[in-house]
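One structure below.
Ligands are counted one by one from 1 in listed order, and the atoms in each one are counted from 1 as well.
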Amino acid sequence: MSDEFGQEQAIRKLGPGKLVIASHNPGKVREIGDLLAPFGIETVSAAALDLPEPEETGTTFIANAELKAMQAADLSGLPALADDSGLCVEALNGDPGIFSARWAGEAKDFGLAMRLVWDAIQAKGPDAGHDAHFVCALALAWPDGHVEVFEGRVDGTITWPPRGDKGFGYDPIFQPHGHAISFGEMEPEKKHAMSHRADAFAQMVAAVF
Ligand code: IMP
């Protein structure tokens, strides 16, 4: 991280103790808690502390992760970690991007969301490329307003029809570069070792512990 004069600033370290996971998704909270336990970090969820879920008004993954983490740190008086992730298709100028969850509608219908992605690529014409990447932004905020951010990604191509039922969200139409199967067909341990989330966490762990 650099300051307003372009000087490199030391990344703030995270000491042992309690950390709020600024998410109301129990699966995500458990997964992040497991990842951080070896570093002496005890996690508590935003839901357990009755913290409100802020509106995601940012225009980037980083901005949305930051606003979630900063609000949780401010309200709880503890350091807080938030993530924001999604699928970006190059031919669609990065869509669905930060709106990845919203493309699935109120019913969280990812069959529909995947179809919308495929149809949008087709609508671009026969020369439209299928390159895409998943992004995961992580923001770690402290109650004094300090925040560290990390962004991970994994590159691949959009395939049709959807394949596999092992993942979630857009996994069945995303085939990572260098692999012949979609994330939906991949064993979870294998996906978790190479995903955008793994990349972001590896960067964070290397920087803050
Ligand atoms: P959020 O970060 O919880 O807001 O999730 C954003 C949305 O991005 C999810 O609802 C999924 O649709 C999509 N997404 C994020 N990560 C993945 C992934 O690893 N596989 C499939 N879809 C994902």
Scanning both residues in full, the closest heavy-atom pair of F201 with I32 reads CZ-CG1, 3.8 Å
Worksheet item: Do F168 and F110 make the cut of ring centroids closer than 6.0 angstrom?
Response: no
Contacts for ligand 1, heavy atom under 4.0 Å, by chain and number, are K28, D84, S85, G86, S100, A101, F110, F134, F168, G169, Y170, D171, K191, H196, R197
Item to complete: Examine distances only and state if a side-chain atom of K13 and a backbone atom of A207 form a donor-acceptor pair shorter than 3.5 Å.
Response: yes
Closest non-hydrogen contact found for I121 with G129 is CG2-O, 3.9 Å
G58 and N64 have their tightest heavy-atom pair at N-OD1, 2.7 Å
Short side-chain donor-acceptor distance under 3.5 Å, H133 and E90
yes
